[in-house]
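Before any comments, here is the structure.
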Amino acid sequence: MFRQALLRSTRSLQHAATKAASTPCRVRLAVAAPRLAGTHWQKNPSFHTAACLLDTSDNQKEPVRHEFKAETKRLLDIVASSLYSEKEVFIRELVSNASDALEKLRYTQLTSGGSAESAEGELCLRLDLDKEKRTFTISDNGIGMTAQELQDNLGTIARSGSRAFLDKMGKMQDESSTAAQGNIIGQFGVGFYASFMVGDHITVLSRGDDGQGHRWESTGGGDYTIAPEEGLARGTKIVIHLKDNAAEFADLDRVRTILKRYSNFVSFPILLNGERINTIRPLWTLPASQITEEEHQQFYKFVSNSWDKPFYHLLYSTDAPLQLRALLYIPEVQTEKFGQAKMEAGVALYCRKVLIKTRMDKILPHWLRFVRGVVDSEDIPLNLSRELLQDSALVMKLNRLLTSRLTRFLVEQLKTDREKYLKFYKEFSYFLREGVATDHDNREHILPLMLFESSSKAAGELTTLDEYVARMKPNQESIYYLCVPRRELAEASPYMDALKAQDCEVLFMYEAFDDIVMSNAMEFKGKQLVSAESSEVPESKPDDNTSRIGRLSLDDEVALRHWMKGVLGSSKVADVTGSTRLRDHAAIVTQHGSATMRQYMRQLNKDAPLPAPVLEINAGHALIKKLQAVRKTDEALAKVVAEQLLDNALLTAGILDEPRSMVGRLNRLLMHAVGLPPENTNASDQSSASESGKKREETGGDAKKPKIIIPGSN
């Protein structure tokens, strides 16, 4: 009986709703929908619609209660607790929503033939904090919302009013619609619900274009109320009653910091308790001609949080393959040279002038971590919380786009103002070297930025690889370089003999890791990069009997090489070969690999065997010819000389592991040079030790200690 009576009542109610909907007069009725599981009311969605349409007279002030669907309540809980990584982002979301409301009003006024200025004052948004009442209030004098829009936009999670507005404008192709589309921020329709992370009771007061004001209220528990509200100005005000654990958002300094971080470049004035917050212009949105040097310095200090001046600045915009604008700075100094930790990425990611991420480390490769600035794009694919990028392929496309533009910019600076570029290179060449060694995709763009000393230039004068290639001889196929600690060692290096004889230019590189950098580079514009220490350096003469004037005979040379290989052992040399590229030096080693890499491998495992080098000897050098003669009469002395020749070659190549091992051998050679028989070496040492011991006994054991004199004492 009860069920039948209920069905009759609901049918009557549905009929009344239909009649009311077709009647010109507006009526309001405060009706709470029955919640009887399994009833015909719950199963028929049209009854919900009827309840929403019913009104009583205009004098009725009772709120109409609406219920979120079960799925919506669950989503609301997810939004409030899991969607955003930081609670503070609710301020960013509410400011963005308020900015959109202001932009919509400005667009509406312009397209209706009116002024862009508000009839109720300057378009702006205000934040008012009350620490005692623990409330956070944000208001704007923008377009506002009607009762239906409150229900549609706030009662439906993930329905974006801004997105619907953009879709509507997308059908128009006038100038004002294009400008407005670029300034609308909202996309997903979830930003408002971030308020429930910090608030336990939220009130929204809004008056839309119908002239009627309404109050929307919810505790986030699954339902909300909408009621008429008198005396409201056009726009929207949101009052958040903060939870106990969110009282910090009623603190003036805390909120000011958050606003400056996330919303400093919103198009409209932001007033916090009456104080204007966003005073810095978003320079990346302006033409370069409208930006002063003083503004660049101020903006650089803001984005980099530093006190130096920008050395270079690059303003860049493009519409393909992504629509973006960027303003990038290169600082005057880099801090890693002071022994500090590695510099962190310094480029911030914005979307429509709203901060998404302060340090976006994947926008640029790691070697460009010294760059500071802003990248803004409305095409960047964001996740629902607008805190992460979803499409890694597009991020990499953005990375390549910006890196290519930056390297082109630096090449332009090198060509137009070399003196200024030299200052940059002195400060940041380490990062460029790192890029060559680690960034395969951009290596060809970085190499033109490198500068080196050259055998064809005066000391201190630097040249580029492009300039080297322009000076190459017609038959020269490779670019030659030599890694040494300083220029004097390079010019005296035995590895220069053959290249000097062929009048080939050699680049000098003085950094410890340059050999790794160049071995990774491998080539430049089709020219192989070849170390002067490599066996790939062409010999100046063929090794045959027709050119052996002043050299050992071929038989004697082969015999000496065979003997030296046996004496030195396979653990020290892979082979002993003859060389025709040496002129003034007796021997060199080749095929030994990078000195830096050998040192790195030794640090990883000091007991790990390293590849033995090839020893090349100059059969025309006086020392080699004498060694061949001595080994027949004094093999012991010849063995010492052979070992020293190898160590000399290893030392020249920078790969001698333990130089102190040569001391005993050098002493023996010195004694032989002054005519002292080698067998007296030990006796002399024993005599010196004996005399030293006797002296200690005479002085009472220990030698007399020196007197320490302190300045100013007697």
Side-chain angles (χ1 to χ4, degrees), residues 65 67-68 70-99 125-140 150 153-158 185-186 188-206 215-225 236-264 266 270-275 277-278 348 354-359 382-388:
R65 183 171 299 277
E67 184 175 4
F68 292 114
E71 296 81 358
T72 307
K73 288 193 292 184
R74 183 178 180 186
L75 180 58
L76 184 60
D77 180 65
I78 293 173
V79 170
S81 60
S82 305
L83 185 58
Y84 297 97
S85 60
E86 300 290 342
K87 291 180 180 180
E88 65 185 29
V89 298
F90 87 92
I91 297 178
R92 179 194 72 184
E93 298 299 304
L94 294 183
V95 169
S96 299
N97 290 348
S99 176
L125 55 97
R126 301 173 181 273
L127 289 87
D128 296 288
L129 311 178
D130 192 323
K131 211 167 186 178
E132 293 183 1
K133 295 181 180 179
R134 213 166 65 211
T135 59
F136 177 100
T137 303
I138 179 171
S139 59
D140 65 77
L150 282 170
N153 296 336
L154 304 188
T156 308
I157 298 177
I185 300 168
F188 302 114
V190 297
F192 168 76
Y193 302 98
S195 306
F196 288 104
M197 292 191 296
V198 297
D200 52 20
H201 184 198
I202 297 176
T203 301
V204 180
L205 303 169
S206 189
R215 172 190 293 266
W216 183 100
E217 288 187 286
S218 176
T219 60
D223 56 22
Y224 61 92
T225 62
T236 300
K237 175 189 286 187
I238 301 174
V239 182
I240 302 175
H241 297 270
L242 298 169
K243 298 176 182 178
D244 293 341
N245 62 357
E248 61 184 291
F249 299 111
D251 181 78
L252 192 64
D253 292 335
R254 177 81 168 99
V255 174
R256 182 187 293 111
T257 301
I258 296 171
L259 287 172
K260 285 184 174 293
R261 179 184 305 148
Y262 290 105
S263 307
N264 209 46
V266 168
I270 300 175
L271 303 178
L272 175 61
N273 284 18
E275 173 193 359
I277 297 299
N278 53 337
V354 175
L355 179 67
I356 302 302
K357 198 166 185 178
T358 306
R359 299 184 184 277
L382 303 175
N383 71 345
L384 196 60
S385 67
R386 297 200 298 173
E387 293 178 307
L388 299 172

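Computed over heavy atoms, backbone and side chain alike; hydrogens, waters and symmetry mates excluded.
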Derivation of the salt bridge (Lys or Arg N to Asp or Glu O under 4.0 Å) call for K87 and E248: CA-CA 11 Å; K87 291 180 180 180; E248 61 184 291; over 6 Å; no

Where R256 and I277 come nearest, the two heavy atoms and their spacing: CG-CD1, 3.8 Å

Shortest non-hydrogen contact from T203 toward E217: OG1-OE2, 3.1 Å

A247 backbone acceptor or donor facing R134 side chain under 3.5 Å: no

Reported NZ-to-CG distance for the pair K237 and L125, which is rounded to 0.5 angstrom: 13.5 Å

Single hit among F136, F196, Y262 for ring pair (Phe, Tyr, Trp, His ring centres under 6.0 Å) with F90: F136

Closest non-hydrogen atom pair between S218 and D223, with its separation: OG-O, 2.9 Å

Distance, nearest 0.5 Å, that separates CD1 of I240 from CE of M197: 9.5 Å

Worked check of side chain to side chain contact (heavy atoms under 4.5 Å, CB included) between K131 and D251: CA-CA 6 Å; K131 211 167 186 178; D251 181 78; 3.0 Å; yes

Nearest heavy atoms of R92 and S263, plus distance in Å: CA-OG, 4.1 Å

L94 vs F192, side chain to side chain contact (heavy atoms under 4.5 Å, CB included): CA-CA, chis, key distance, verdict: CA-CA 6 Å; L94 294 183; F192 168 76; 4.2 Å; yes

Identified side chain to side chain contact (heavy atoms under 4.5 Å, CB included) counterpart of N273 within the set D130, L127, L129: L129

R254, CZ atom: more than 12 neighbouring heavy atoms under 6.0 Å: yes

Nearest-0.5 Å distance that lies between atom CD1 in I91 and atom OG in S195: 10.0 Å

Nearest-0.5 Å distance, CG of residue N264 to CG of residue L355: 10.0 Å

Any side-chain heavy-atom pair of L259 and N278 under 4.5 Å: no

Any donor-acceptor pair under 3.5 Å from S99 side chain to V95 backbone: no

Polar side-chain atom of T358 near backbone of A348 as donor-acceptor pair, under 3.5 Å: no

Euclidean distance, T135 OG1 relative to I202 CD1, rounded to 0.5 Å: 12.5 Å

Distance-minimising heavy-atom pair for I258 and F249: CD1-CE2, 3.7 Å

CG-CZ distance between L272 and R126, expressed to the nearest 0.5 angstrom: 11.5 Å

